[in-house]
Amino acid sequence: MAINISENLTQQLKTQIQQFKPSITVQSVGEVLEIGDGIARVSGLPDIRSQELVEFANGTRGVAFNLEDNEVGVIIMGEYANISEGSQVKALGRVISVPVSETMIGRVIDPLGNPVDGKGAIESTTYYPVERIAPGVIERRNVYRPLQTGIMAIDAITPIGRGQRELIIGDHQTGKTAITIDTIISQGDQGVICIYVAIGQKLSQIARVVATLEKHGAMKHTVVLIASAADSATLQYLAPYAGCAIGEFFMEQGRDALVIYDDLSKHAWAYRQVSLLLRRPPGREAYPGDVFYLHSRLLERAAQMSDEQGGGSLTALPIIETLLGDVSAYIPTNVISITDGQIYLESDLFYAGIRPAINIGLSVSRVGGDAQHKAMRTVAGRLRLDMAQYRSLTAFAQFGSGLDKTAQEQLDRGMRLAELLKQPQYAPIPISDQVMVLYAGTRGYLDDIPIERVSEWMADFRQYIASHQPDLVTNLNEKLVLDDEIEGQLQQAIEAFKVTWY
């Protein structure tokens, strides 16, 4: 009996030995030469690629940033206190990527795709590399659809199109973030997925932004990606690229996405910090020589794809903070040259009570009327002319020179239009209401309204139209053209309202 058991065991062992197929896993393993300030110098990884992920012995990950003859400069994404000289480092064989998923909508995440809102894990099986080549010329088409911000001064004078890159630039505390939040709120019924990327901001400020978006129901179509001031320079450097990759995921599905980089000034600071720690040669203002490429390769990924490529779009709204209005500084001029226009916010206007504090003279959209509906284009042309005349006449009036009757009338109308363009925060205006209000202003219907009551008139007029002329709003939303029929209805509605308004 014992002999049979022994023979059975022997036979089973032989079978298992014959069936055993050894699997050999080859990994590149290096050694830490130097560690400190979020930077590690590693030897023994000769085949590593740029932007490839590495993992330290304590589980912390890093990115291969500098590829030198005998060592690799690695930027560390996380805690590095437990990493010491001599620790092992292994290459993971893939470039840094971020998970992308429909379930990210409504969530707050970090640049690695990990949720930080306490609402549980995010399910995702698809990963996009954070660095991707921008779509080529053949894959794109011209920008032809508007992205409505709900802000009259932008939608009428510096319109933004889907697939455009429009810079928002201005000093500290002039309302740059407020414009982007209003834009996100406006996309609720436009079918645009928004990605708000917060770079180097205080956590309290980011929390206020998220609370505002939740209050207005905008988190239903928004992803918030944060790399706060408390995070490492590495995460701040990676944040906008990760946000862009998430936007590209929706764009490649044929949908429209909007990504906001708040702000790229702090992004450039983080890149400068990382580069100097890795001993890259400094250039102007201590920035490395490739700081232009830093932002150009990011913003060029915004595109309106051709119909053959699905017809999706990715719109970019980068923010740059200036110092004392100096738009000729290094980073502002770089980003201005990359983008398709800029919205310039001026401190003097902000402190004078003009909100949003947009300097219409210095703001420009290089897409122009291509990103406007025909109805808005009809009223916007006259608005630009009236505001240009108002600015020139204001300069003359400051010197106390006498103005003739015609010039005084133009000045008075410009003052009323400037008052009309003032808009409270978090109160975007639908495109149909914008067209009707601006039509009334540019056609002279407000010339006899006291300047201090223009805002009151506009609010009452919008309420009157909504309650007494709903068909006019419906027709305007459907046609988006000011034809003779709609224009006649609008004129009658304005005149009827003015009779009852006092």
Side-chain angles (χ1 to χ4, degrees), residues 49 51-53 94-115 122-148 160-166 180 183-184 186-197 218-225 238-261 264 293-318 338-340 367 370-371:
R49 295 173 292 169
Q51 303 289 323
E52 186 173 336
L53 279 172
R94 61 183 176 91
V95 296
I96 183 168
S97 55
V98 62
V100 290
S101 169
E102 190 81 24
T103 56
M104 283 185 166
I105 299 174
R107 302 298 299 273
V108 183
I109 60 175
D110 67 9
L112 303 178
N114 301 314
I122 296 175
E123 298 295 330
S124 176
T125 57
T126 306
Y127 284 77
Y128 273 28
V130 298
E131 295 269 14
R132 304 181 79 203
I133 297 175
V137 176
I138 305 302
E139 298 171 297
R140 300 173 182 249
R141 65 161 297 174
N142 62 303
V143 175
Y144 70 103
R145 295 177 298 156
L147 181 95
Q148 306 296 348
I160 300 172
R162 299 190 184 191
Q164 190 178 345
R165 301 153 298 180
E166 183 81 1
T180 61
T183 303
I184 292 174
S186 296
Q187 306 314 310
D189 57 350
Q190 303 292 321
V192 178
I193 304 299
C194 303
I195 300 97
Y196 177 80
V197 183
M219 282 301 289
K220 295 176 183 177
H221 58 269
T222 305
V223 181
V224 177
L225 190 150
L238 291 173
Y241 298 103
C244 189
I246 295 171
E248 285 173 327
F249 168 73
F250 295 106
M251 177 182 72
E252 291 176 3
Q253 292 179 344
R255 300 162 71 179
D256 297 308
L258 166 69
V259 60
I260 294 159
Y261 307 112
L264 290 188
Y293 180 55
L294 172 77
H295 289 148
S296 64
R297 72 178 189 263
L298 170 69
L299 295 173
E300 279 295 324
R301 289 160 68 177
Q304 168 63 60
M305 304 302 288
S306 64
D307 293 339
E308 293 77 13
Q309 298 294 326
S313 71
L314 178 62
T315 309
L317 292 183
I338 298 166
T339 49
D340 304 317
V367 172
D370 290 346

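Just so you know, residue 1 is the first one in the sequence shown, and it goes up from there.
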Next on the checklist: Quick test of your reading of the model: are R255 and E248 salt-bridged, counting only N-O distances below 4.0 Å?
Outcome noted: no
Next on the checklist: Quick one: does any side-chain atom of T315 pair with a main-chain N or O of G163 as donor and acceptor, under 3.5 Å?
Outcome noted: yes
Next on the checklist: Looking at every heavy atom in both A302 and R140, which two are closest together, and how far apart are they?
Outcome noted: O-NH1, 3.0 Å
Checklist entry - Would you say the side-chain atoms of D256 pair up with the backbone N or O of V192, donor to acceptor, closer than 3.5 Å? => result no
Checklist entry - Under 3.5 Å, is there a donor-acceptor pair between the Q304 and R145 side chains? => result yes
Item to check | Whether Q190 side chain and Q187 backbone form a donor-acceptor pair below 3.5 Å | outcome: no
Item to check | Donor-acceptor under 3.5 Å (D110 side chain, L112 main chain) | outcome: yes
Checklist entry - When you measure from the side chain of Q309 to the backbone N and O of E252, does any donor-acceptor pair fall under 3.5 Å? => result no
Next on the checklist: Tell me if a side-chain donor or acceptor on S101 pairs with a main-chain N or O of E123 at a distance below 3.5 Å.
Outcome noted: yes
Next on the checklist: For the backbone of G311 and the side chain of D307, can you confirm whether one donor and one acceptor N or O come within less than 3.5 Å of each other?
Outcome noted: no
Next on the checklist: With a 3.5 Å distance limit and no angle check, can you tell me whether H221 reaches the backbone of D189 through a side-chain donor-acceptor pair?
Outcome noted: no
Checklist entry - Just checking, is any N or O donor in the side chain of Q51 or Y241 under 3.5 Å from an acceptor N or O on the other one? => result no
